[in-house]
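Below is one structure, written out as structure tokens; comments come after it.
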There are 4 protein chains.
Amino acid sequence: MSRRPANASGVDDRLLAEATRLFARQGFDRTSVQEVVEAAGVTKGAMYHYFGSKDDLLHEIYGRVLRDQTARLEKFAAGEAPAPQRLRDAAADVVVTTIENLDDFKIFTQSMHHLSAAKQRAVRAERRKYHERFRSLVEEGQRDGDFRADVPADLVVDYFFGSVHHLGVWYRRNGRLTPAQIADHYADLLLTSLKEIP
Amino acid sequence: MSRRPANASGVDDRLLAEATRLFARQGFDRTSVQEVVEAAGVTKGAMYHYFGSKDDLLHEIYGRVLRDQTARLEKFAAGEAPAPQRLRDAAADVVVTTIENLDDFKIFTQSMHHLSAAKQRAVRAERRKYHERFRSLVEEGQRDGDFRADVPADLVVDYFFGSVHHLGVWYRRNGRLTPAQIADHYADLLLTSLKEIP
Amino acid sequence: MSRRPANASGVDDRLLAEATRLFARQGFDRTSVQEVVEAAGVTKGAMYHYFGSKDDLLHEIYGRVLRDQTARLEKFAAGEAPAPQRLRDAAADVVVTTIENLDDFKIFTQSMHHLSAAKQRAVRAERRKYHERFRSLVEEGQRDGDFRADVPADLVVDYFFGSVHHLGVWYRRNGRLTPAQIADHYADLLLTSLKEIP
Amino acid sequence: MSRRPANASGVDDRLLAEATRLFARQGFDRTSVQEVVEAAGVTKGAMYHYFGSKDDLLHEIYGRVLRDQTARLEKFAAGEAPAPQRLRDAAADVVVTTIENLDDFKIFTQSMHHLSAAKQRAVRAERRKYHERFRSLVEEGQRDGDFRADVPADLVVDYFFGSVHHLGVWYRRNGRLTPAQIADHYADLLLTSLKEIP
DNA sequence: TATGAATGAGGTTTCATTCAT
DNA sequence: TATGAATGAAACCTCATTCAT
């Protein structure tokens, strides 16, 4: 997926890290390549050596986030526990990791439209796969009779991930609740809303 | 709040409408003032006669959305029915109106960071008032014993409005579900997740 | 010289006064017509009713200054006293009136190049007449043997008026010396420098 | 003091030279960046690579002039001759060099107010140092009894430099007097006006 | 592998002036 | 006599990208 040459010095990682930070804080368009390279302590030439364009930088950030997220979900979804337990764990985990990497997710919601149409398609396809894996957990619970079946599973997933993305808007580092507590509440709200009505 | 001169010809309304459409589709930064004024059929000078800056245009869009949304919520919240009923109605309504004005809300989530710090504060203050009104409905239900009290009301509100904002990402005009059906499901998920556990 | 219609309300005087003040403080180009009319409490339409253009406003300011200055000089030059006395009085007077109307003179030195070539010629011609009258006083003193004759009279005049114009740069309203004291020193320096070397 | 990168090709020197020429002839505001870069044979981007803004260009011109002038004065003031002689030499020199770089000085008098407040302060501070050095020569002569003491030394300096600045207004390249002759007259007028009255 | 000077297109904004009312 | 909405040209500046070194 990446056109980056291999390297040892970590220049590309530094660039990605600073770009993530700046894009999240100021937005993609409000951040100049100059700012990114200065923050990373390199020159423009170096950046264009590792990345084909500014868009590439963004695309790479997306790629990294998606890869990580997908891997984590797979770990939780593949367990042996009943579907509700696995869903709860996966949901709580995605909340905690989202909070831990809030910058990445702010960029996700704010800067998608800066990608070329082709790259947007690629990102969306990857995201869809992620959502589908999550949805399959919901569907499994519905099939097993653990979850109510009168609500479409994909709508539930969109409903939940809307809440998760929104963390970037309201979460404050020194708020009343810890990430773990928020994660617990979120997972609880999700599970409760799926409870079979007696 | 606005420095716009009063006017009869509706030039400013046309500008706001076209700006909303373009900002939502292309993003604020990817839309030039030139594009906006051409779409509205006026000149740049005219635009700067009505709005102090491109930012002002965005701020005005926000202002209008917030005013409308607040007015609608007030109507629902002020009713006579029990809190759960009023909350359900308000929730379903905000989903329907969000879908009906999806452009406005896409801008909300994507372009906030383009506003000056001062204007961001103003918008956020207005939004907070809206959230607080919504939260008071949740709290009322909790006090009455209709809703579980072990989840913070403000977290519930953020959870729900995250889902609502996310509509801009996944809703498609000719999808499987009608806006009313989506609204129903959303309100249902919200209410169910608040149900007192027996 | 002026295209201004006669008027009773003093709108044009107010415009000239405010324009003078603003042009002196901010420069001609840095001052917008909008600022001038707002300061004068009228609208742009009104301004364009009285003055043909922004340049016209400037030209009018020049005209007024030149007329006043010429009249004052004539009064002093036409006296009966010996040339040195009349020159001293005229020199002291021009210093005092320059300080009293410092804004006018700041504009003179800073904004001449904003006038059209034709108007610049007109202003310069008027100024030349003024200088010539002043010079004639010097020459009279030289002919009478009161002043040294080994220095060109026109150079002396330029030398002196350079000093006078420079007042706009260094004079401060609450400085150590009063306008009258400065005038006295200036006139004294001029007269001394012309003294016949024994 | 300057943010300009070092360079070898002299693009920045060419820009400064052309800017000086154009600003002096047309005024700072009447000269567009486009005109400057065209005259220098580079693009706008190149100009903004070397100078942070149009103002910076002006500031740099000032800086260069002040540095040169200060260095020359120091050379004359530091001599061994009696104060009157050194003052006369310094005065004559400043006249000649002013005429030789008339464009620089026209800009000084016409365009100062275009600088930001901060830069104006910097320039004025530098100028003050120059004036003070000049003034110290006058004071030295007064202390030694060579010059009359009944006229404030700083007023004399302002008086003289007003005349010098004014050269930009009246000096014509093919006038009756050579620069050296003008310089001689100016120095003579200055020295004579300071002569102790017997 | 890295530099940084230079490009050139495009961006937002300002403003003197006009004109229908 | 006066208004103020609208024009349109031109201004300054930014920035992703390239390329000789």
Side-chain angles (χ1 to χ4, degrees), chain A residues 5 7-9 11-12 28-38 42-57 114, chain B residues 4-9 11-12 28-37 41-57, chain C residues 5 7-9 11-12 28-38 42-57 114, chain D residues 4-12 15 28-37 41-57:
Chain A
N7 87 101
S9 60
V11 167
D12 55 350
F28 180 79
D29 265 333
R30 304 288 242 240
T31 305
S32 69
V33 169
Q34 189 61 40
E35 281 180 278
V36 174
V37 300
E38 267 170 23
V42 301
T43 60
K44 272 201 268 209
M47 191 228 116
Y48 277 96
H49 179 73
Y50 287 108
F51 299 93
S53 68
K54 192 187 173 190
D55 274 49
D56 237 47
L57 216 42
H114 292 304
Chain B
R4 288 185 300 136
N7 88 102
S9 60
V11 166
D12 55 350
F28 180 78
D29 263 336
R30 302 292 242 236
T31 305
S32 69
V33 169
Q34 189 58 42
E35 283 179 279
V36 174
V37 299
V42 299
T43 59
K44 271 196 276 213
M47 191 229 115
Y48 279 95
H49 182 69
Y50 286 106
F51 301 92
S53 66
K54 193 186 172 189
D55 272 44
D56 236 48
L57 210 44
Chain C
N7 87 102
S9 60
V11 166
D12 56 349
F28 180 78
D29 264 332
R30 303 288 241 238
T31 305
S32 68
V33 170
Q34 189 61 41
E35 281 179 278
V36 174
V37 299
E38 266 170 23
V42 300
T43 60
K44 273 201 267 208
M47 191 228 116
Y48 278 96
H49 180 73
Y50 286 108
F51 300 92
S53 67
K54 192 186 172 190
D55 274 49
D56 236 48
L57 214 42
H114 293 304
Chain D
R4 289 185 299 134
N7 88 104
S9 61
V11 167
D12 56 350
L15 280 164
F28 179 79
D29 264 336
R30 302 293 243 236
T31 305
S32 69
V33 169
Q34 190 59 42
E35 282 179 279
V36 175
V37 299
V42 298
T43 59
K44 267 196 280 212
M47 191 229 117
Y48 280 97
H49 182 70
Y50 286 105
F51 302 92
S53 66
K54 193 186 172 190
D55 272 44
D56 236 49
L57 210 44

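Residue numbers start from 1 in every chain, and the chains themselves are labelled A, B, ... in the order their sequence lines are given, proteins ahead of strands.
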How many Å lie between CG on D12(D) and P on dG4(E), as a whole number?
-> 16 Å
Let me know, please, whether A46(C) or G41(B) comes out on the 5' side of the other along DNA chain F by nearest nucleotide.
-> A46(C)
Range-with-range stems for DNA chain E, at least three Watson-Crick or G-U pairs under 3.5 Å | E:2-21 with F:2-21
Do the side-chain N or O atoms of H49(B) get closer than 4.0 angstrom to the phosphate oxygens (OP1, OP2) of dA5(F)?
-> yes
Is the shortest side-chain N/O distance from Y50(A) to OP1 or OP2 of dT1(E) below 4.0 Å?
-> no
In whole angstrom, give the distance that lies between atom CZ of R30(C) and atom C1' of dC12(F).
-> 11 Å
Are side-chain heavy atoms of V33(A) and M47(A) found at a separation under 4.5 Å?
-> yes
Quick one: does E38(A)'s side chain have a donor or acceptor within less than 3.5 Å of a partner on E35(A)'s backbone?
-> no
Take the protein atom CG of D56(A) and the nucleotide atom P of dA16(F), then report the distance between them rounded to whole Å.
-> 14 Å
Between G52(C) and D56(C), which heavy-atom pair has the shortest distance, and what is it?
-> N-OD2, 3.5 Å
Derivation of the side-chain contact (heavy atoms from CB on, under 4.5 Å) call for V37(D) and L15(D) = CA-CA 7 Å; V37(D) 299; L15(D) 280 164; 4.2 Å; yes
Between F28(B) and D29(A), is any pair of side-chain heavy atoms under 4.5 Å apart?
-> no
The contact string for nucleotides 16-21 of chain E, one letter per nucleotide 5' to 3', using protein heavy atoms under 4.0 Å with B, S and - for base, sugar-phosphate only and none, comes out as SBB---
